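We name chains A, B, ... by the order of the sequence lines, and we start the count at 1 in each one. Quick caveat, the model's predicted, so the values are computed rather than measured.
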Amino acid sequence: MNETSQTIAPPSVASHLLDRLNEAQRAAVEAADGPVLVLAGAGTGKTRVLTVRLAYILATGRAAPGQMLAVTFTNKAAREMSERIGHLMGRPTDGMWLGTFHAIGARILRRHAELVGLKSNFTIIDQDDQLRLMKQIIEAAGIDEKRWPARMLTTIVARWKDKGWMPDQVPTAEVGDFGHGKALDLYRDYQTRLGELNAADFGDLLLLNLKLFMKHPDVLADYHRRFRYILVDEYQDTNVSQYLWLRLLAQGSKNICCVGDDDQSIYGWRGAEVGNILRFEEDFPGAKVIRLERNYRSTPNILGAASGLIAHNQGRLGKTLWTEAKDDEAGDPVKIQGVWDEAEEARTVGEHIEDLQRKDARLDSMAILVRAGYQTRAFEERLITIGVPYRVIGGLRFYERQEIRDAMAYFRLIRQGDDDLAFQRIVNTPKRGLGDKSLQQLYTIARGRGQSLLSASEEIVTTDELPPQRRAGLREFVESIHRWRAQASHLPPSELAEIVLDESGYTGMWMVDKSVQAPGRLENLKELVRAMAEFESLDEFLDHVSLVMDIDNNSADDMVNVMTLHAAKGLEFDTVFLPGWEEGIFPNQMAIDENGYKGLEEERRLGYVGLTRARKRAFVLYAANRTVHGQWQNNIPSRFIDELPDDHVERGEAAGYGFVQDEGSLWQIAMKRPAYGNRQSNYHRVIEARSQRFGDGQEVYVPVGRGQGVPQTGDRVFHEKFGYGMVKGTDGSKLDIAFDKAGRKKVLADFVKPA
DNA sequence: CGTATATATCTTTTT
DNA sequence: GATATATACG
């Protein structure tokens with residue numbers, strides 16, 4: 001097979017494709033057959049190599065589109081790749097298997113669902129449902145969910161699935177002490193329950209593929225014949241189950257090409273194993289390894305700063321990025337700036353943005369990259385204030401909103417009556433007079449008969465097990481579902497959606513709701529109906545939602561981009577703002593607590609990813625104070641700031657780190673940088689100061705007498721509900737307060753303010 | 001049964 | 001500060 005393909009003379013299209021590639025890139029494209037590992041540093045034209053390689057394989061007649069499998073991590077990357085190949089080839093890439101691991105896994109699973117115990121219309125459940133289900137499992141097993149939270153078990157099980165372990169494959173040593181060693185039993189229960197619900201979670205999409213391939217070699221052989229060329233993007237982020245999946249599929253043609261960069265591995269917390277890169281040559285003997293080291297993206301200063309930072313990591317494969325730019329074209333150094341708090345941080349970034357805007361920079365050439373989602377808030381507020389348009393990528397996603405999830409639950413139940421999770425969500429939304437008690441009764445009956453909630457309901461409405469009034473509500477619900485299901489077969493999804501939302505009373509529920517969010521929710525529901533118009537069938541739509549989770553937000557509008565560092569991978573911008581470089585925030589304390597040195601290195605790689613997103617300019621900021629959980633916290637600059645090489649950075653004045661004035665007296669805010677050893681002790685200190693603006697516009701920081709600490713006996717306090725009062729006694733954070741109007745009450749300190 | 005109020009917990013990153 | 005869960009009351 002290799003011989004024949006090498007004899008194919010590249011048509012002119014194919015040779016044209018190679019024109020604008022450098023030597024290493026071309027080698028990576030031309031090594032079309034056999035296993036290839038491409039180690040591609042940031043900005044070395046990785047996506048280009050991938051897309052040209054795909055086009056090249058097609059253009060040289062090695063494979064038809066339907067014989068190619070291209071796997072990415074994000075839907076965004078898949079979309080982009082599809083567009084670029086279409087552009088290169090001058091026609092759309094129909095028929096190619098291009099998508100995320102999960103999307104392709106789901107597609108394969110639907111075709112063979114019966115072989116692994118599911119029906120082909122199985123539901124893909126998201127985290128929220130997963131958590132709900134897990135909670136039910138834990139409670140059913142008589143375990144205290146308070147002590148052993150469902151969230152924790154969900155993570156444990158997800159990590160097992162990442163490793164490719166079905167319940168009977170989990171090593172005894174890995175079981176851990178969750179619920180006194182019950183985790184494995186619970187995992188088993190959970191899988192059983194998923195089967196009953198005809199549902200799969202994200203991990204299952206791959207895990208059940210593995211099961212399918214191993215139990216049915218004929219099916220695997222079929223895919224061996226089908227997939228003649230396999231391409232994998234972001235290989236450093238594959239977990240074991242993805243790795244096993246790839247290895248099984250690649251055993252057929254051996255034409256597998258993986259592209260990755262160990263320095264950009266940032267999903268270890270999700271089970272990714274950088275080791276997969278190192279294992280590649282062992283698993284595919286004779287694999288070609290090609291390094292892309294010439295960077296086309298960033299200025300020498302940015303590259304120098306990023307390289308200097310990542311050099312602090314041990315155990316890298318080692319790559320040296322270089323660029324052709326001369327030293328006199330080194331570009332701006334990376335600017336580092338300290339600020340007082342997150343508000344000033346946002347203000348500073350806003351000023352830089354306006355400044356660049358005056359120099360005719362486009363807003364969409366700029367990005368603010370944060371460590372965690374909650375950090376976007378301060379920037380959003382500021383950008384709104386100064387009237388700069390922005391878009392938040394990722395963040396609070398459309399399909400995670402309450403009203404959208406409710407609507408989806410209706411559709412899910414229409415498609416798939418076994419979906420008890422959907423049933424529970426909407427059976428009494430809007431209110432149908434079915435409270436906890438009636439539903440509990442229903443659950444018991446259903447469980448007793450081994451039926452789904454919907455089929456149990458169908459029977460119950462004909463008996464007198466429920467009081468008449470409740471029975472009527474339930475009957476109405478069950479009949480509606482049936483009616484809609486009958487309509488689903490011949491109506492387009494968007495029309496069906498309108499009928500369902502209207503007849504169920506769901507839209508009506510929000511129309512009478514007088515809360516401030518209600519109009520927005522109605523707007524979102526309309527948007528949902530609009531989005532559904534693009535789909536042929538309800539099935540297609542539901543799959544799209546489960547796997548994509550986001551509505552297409554890549555409008556070409558000129559807006560500043562705000563997103564997490566994780567979401568920024570694979571993107572590039574002229575100017576990048578990197579706020580929140582403080583110990584505890586970035587590197588994130590939890591990452592270090594949970595994974596120690598490994599966690600720290602992953603954080604450092606995140607920093608490297610952030611810096612290398614910048615083409616021309618990067619700004620690093622750190623704030624002395626920040627509210628976390630509504631409480632003030634003071635932080636010291638991130639160790640990563642020290643690690644940036646002096647040659648490529650400019651360390652600005654640390655505003656708010658010196659003397660501030662308070663009506664004539666001088667206060668020194670304790671912001672001198674402590675020795676490293678002191679960092680821990682300083683981490684959670686609450687600072688007692690707030691900003692105050694004076695007549696001349698100058699802003700100063702005034703220490704607050706008792707701050708947000710616990711009020712003492714004798715203090716006057718204010719409570720939202722009870723009004724003013726005096727503290728009569730304290731018990732930890734509980735206060736005994738004599739309110740002027742409401743009398744004596746015990747209240748938590750969090751609920752009162754100093755008066 | 002539904003609503004209002006009171007408390008608890010939470011935030012790392014995502015397919 | 002926001003949102004789920006627990007409790008009290010109508």
* Asked: Within 45° of the ring axis of A:Trp165 and under 6.0 Å from its six-membered ring centre, is that where the NZ or CZ of A:Lys163 lies?
  -> yes
Locate the shortest heavy-atom distance separating [X] from [Y]; write the atom from each residue and the value.
X: A:Thr564; Y: A:Ala372; answer: CG2-C, 4.3 Å
X: A:Asp201; Y: A:Asp204; answer: OD1-N, 2.9 Å
X: A:Pro579; Y: A:Ile368; answer: CG-CG2, 3.9 Å

Can you check the [X] [atom1] to [N] [atom2] distance for me, whole Å?
X: A:Ile266; N: B:dT13; atom1: CD1; atom2: P; value: 13 Å
X: A:Trp269; N: B:dT15; atom1: CH2; atom2: P; value: 8 Å
X: A:Gln130; N: B:dT15; atom1: CD; atom2: C1'; value: 11 Å
X: A:Leu205; N: B:dT15; atom1: CG; atom2: P; value: 14 Å
X: A:Arg159; N: B:dT15; atom1: CZ; atom2: P; value: 13 Å
X: A:Phe586; N: B:dT13; atom1: CZ; atom2: P; value: 14 Å
X: A:Asn588; N: B:dT11; atom1: CG; atom2: P; value: 12 Å
X: A:Arg79; N: B:dT15; atom1: CZ; atom2: P; value: 11 Å

* To do: Looking only at side-chain atoms of A:Gln127, point me to the closest of B:dT12, B:dT15, B:dT13.
  => B:dT15
* Out of B:dT13, B:dT11, B:dC1, whichever nucleotide has its closest atom nearest the side chain of A:Thr564 -> B:dT13
* Using the benzene-type ring in the case of Trp, are the ring centres of A:Trp581 and A:Tyr622 under 6.0 Å apart? -> no
* For the ring pair A:Tyr235 and A:Phe73, is the centre-to-centre distance below 6.0 Å? ->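 No, the ring of A:Tyr235 stays outside the 6.0 Å limit from the ring of A:Phe73, centre to centre.
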With heavy atoms under 4.0 Å as the rule, sort [X] into base, sugar-phosphate or nothing.
X: A:Ser438; result: sugar-phosphate
X: A:Glu602; result: nothing
X: A:Phe101; result: nothing
X: A:Glu594; result: base

Sub-3.5 Å pairs of nitrogen or oxygen atoms, protein against nucleotides 8-10 of chain C:
none

* Nearest-nucleotide comparison on DNA chain B, the residue closer to the 5′ end among A:Ala372 and A:Lys437 ->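 Here A:Lys437 is the residue nearer the 5' end.
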Identify each atom pair where a protein N or O and an N or O of nucleotides 2-4 of chain B are less than 3.5 Å apart, giving names and distance.
{"from": "B:dG2", "atom 1": "OP1", "to": "A:Gly433", "atom 2": "N", "distance (Å)": "3.3"}

* No-hydrogen, no-angle side-chain donor-acceptor test under 3.5 Å, A:Gln130 and A:Lys135 -> no
* Asked: For nucleotides 1-6 of chain C, read 5' to 3', which letter fits each nucleotide if B means a protein heavy atom sits under 4.0 Å from the base, S means only the sugar-phosphate is that close, and - means neither?
  -> BS--SS
* Structure fact -> One should read off an interatomic distance between A:Leu434 CG and A:Leu439 CG, to the nearest 0.5 angstrom, of 5.5 Å
* Salt bridge or not for A:Asp539 and A:Arg110, using N-O below 4.0 Å? ->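 No, no charged N to carboxylate O under 4.0 Å.
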* Hey, are A:Asp233 and A:Lys46 close enough for a salt bridge, meaning a charged N less than 4.0 Å from a carboxylate O? ->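 Counted as a salt bridge, because a side-chain N and a carboxylate O are separated by less than 4.0 Å.
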* Asked: Under 30°, 30 to 60°, or over 60°: which ring-plane class applies to A:Phe586 and A:Phe640, parallel, tilted or perpendicular?
  ->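 If you compare the ring of A:Phe586 with that of A:Phe640, the planes turn out perpendicular.
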* To do: Measure up the A:Tyr267 and A:Trp269 rings against each other and bin them: parallel (under 30°), tilted (30 to 60°), perpendicular (over 60°).
  => tilted
